[in-house]
Protein chains: 2
Amino acid sequence: MATSTAAQRRAAAKTEYDAYLADCPARQLLERIGDKWVSLLVNALADGPLRYGELSRRLAGISQKMLTQTLRALERDGLLTRSVTPAVPVQVEYALTPLGAGLLPLLGAVVDWAERNMPEVLAARDRYDGDTNAV
Amino acid sequence: MATSTAAQRRAAAKTEYDAYLADCPARQLLERIGDKWVSLLVNALADGPLRYGELSRRLAGISQKMLTQTLRALERDGLLTRSVTPAVPVQVEYALTPLGAGLLPLLGAVVDWAERNMPEVLAARDRYDGDTNAV
DNA sequence: CGGCATCCGTCTCGATACTG
DNA sequence: CAGTATCGAGACGGATGCCG
């Protein structure tokens, strides 16, 4: 007899839902490109391969930790490649794969939408914030 | 002279960068739709307005807190509207605005890309993970 | 040069309990 | 029914120091 059937049902529903979430490829993709640095990194590489240090300078505010972490994640997902040139100072170059380059149109669409509609969003935001403590 | 010029320059660069980030409309948009619940919420409302409870059931795993919080954020941004019908049990309905509905194509594009390319991403991921502790 | 390991603050998120 | 308030856990991200 159900000491806590409600809680169990909650748990079951959650598991079910989490599974659905995990399965959903769109969610995974959104989580990737929604990441703070991913989109910037991909954009930085849009014009061609860059070395670690170049990326570091290009994305000014990023910490080495996040840079490495993000690069690894993208490499893992096959969105970019990492090639090491064994020289005296080691040389590492990152380049977009065709798969990764395929993200550029998506990002472009977002930029496009944003440029056209963000002003309206910002206006709505101001209106909302203004009403809160107006009069 | 300069006790910690390097650190200061770092800070300056970061501030500059953060400002750039904050200004970038695409980033703001990505942060919104990259949110765990936003895309699901928008999708849930794609077919028409829903009430709070209906949304709560529809998105099974979400807590009231996150539901309310996400709804408020989207309302603030003018992506959906909140209409209260003063009845005996209060009735609140949420509906996408045209602006919010404009997100659907974007989301659709993501879903599309994901469905076509996620298998490859997943394959790359397996390969990468496999190599780590292979042989 | 190109990392990796560690520590630590912040901030998000979820569970719970209570209200009109 | 539709929230609000509070609290604690945990993920996330940054700074630092060391290594090949």
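Just so we're on the same page: letters track the sequence lines, and every chain starts at 1.
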May I ask you to decide if [Y]'s main-chain N or O and [X]'s side chain share a donor-acceptor pair within less than 3.5 Å?
{"X": "Asp35(A)", "Y": "Trp37(A)", "value": "yes"}
{"X": "Asp112(A)", "Y": "Gly108(A)", "value": "no"}
{"X": "Trp113(B)", "Y": "Gly102(A)", "value": "yes"}

Cluster check Val111(A), Leu41(A): I/L/V/M/F/W/Y, side chain < 4.5 angstrom
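No.
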State yes or no: do Leu45(A) and Val92(A) share one hydrophobic cluster built from I, L, V, M, F, W and Y residues joined by side-chain heavy-atom distances below 4.5 Å, directly or via other members?
yes
Quick check: do Glu93(B) and Thr81(B) have side-chain heavy atoms less than 4.5 Å from each other?
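Not in contact.
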Counting only side-chain nitrogens and oxygens, does Arg51(B) get under 4.0 Å of the OP1 or OP2 atom of dA2(D)?
yes
For Glu120(B), does the CD atom sit with more than 12 other heavy atoms under 6.0 Å from it, leaving out its own atoms?
no
Near DNA chain D, which residues from residues 35-45 of chain A have a heavy atom under 4.0 Å away?
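Within this stretch, Lys36(A), Trp37(A) sit under 4.0 Å of the strand.
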I need the residues from residues 66-85 of chain A with at least one non-hydrogen atom less than 4.0 Å from DNA chain D; give them sorted by number, or say none.
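Correct list: Met66(A).
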So if I take the C1' atoms of five pairs at each end of the helix from dC1(C)-dG20(D) to dG20(C)-dC1(D) and get each local axis, what angle do the two axes make, rounded to 10 degrees?
40°
By nearest-heavy-atom nucleotide on DNA chain C, the more 5' of Gln91(A) and Lys65(A) is Gln91(A)
Rounded to whole angstroms, how far apart are CD on Gln64(A) and C1' on dG20(D)?
16 Å
Nearest-Å distance for atom pair OH/P, residues Tyr52(B) and dG3(D)
6 Å
salt_bridge(Arg125(A), Asp129(A)) N-O dist < 4.0 Å
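No salt bridge links Arg125(A) with Asp129(A).
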Nearest heavy atoms of [X] and [Y], plus distance in Å:
{"X": "Pro105(A)", "Y": "Ala101(A)", "value": "CD-O, 3.5 Å"}
{"X": "Thr97(A)", "Y": "Gly78(A)", "value": "OG1-O, 2.7 Å"}
{"X": "Leu80(B)", "Y": "Tyr94(B)", "value": "CD1-CD2, 3.9 Å"}

Can you name the side-chain hydrogen bond (donor to acceptor under 3.5 Å, both in side chains) partners of Glu31(B), sequence neighbours left out?
Arg27(B)
Along DNA chain C, 5' to 3', what are the outermost nucleotides having an atom less than 4.0 Å from a heavy atom of chain A?
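Extent of the interface on DNA chain C: dC1(C) to dA15(C).
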For residues 49-61 of chain B, which side-chain N or O atoms pair as donor and acceptor with protein atoms under 3.5 Å away, sequence neighbours left out?
unit_1	atom_1	unit_2	atom_2	d
Tyr52(B)	OH	Gln64(B)	O	3.4
Tyr52(B)	OH	Thr68(B)	OG1	3.0
Glu54(B)	OE1	Arg51(B)	N	2.7

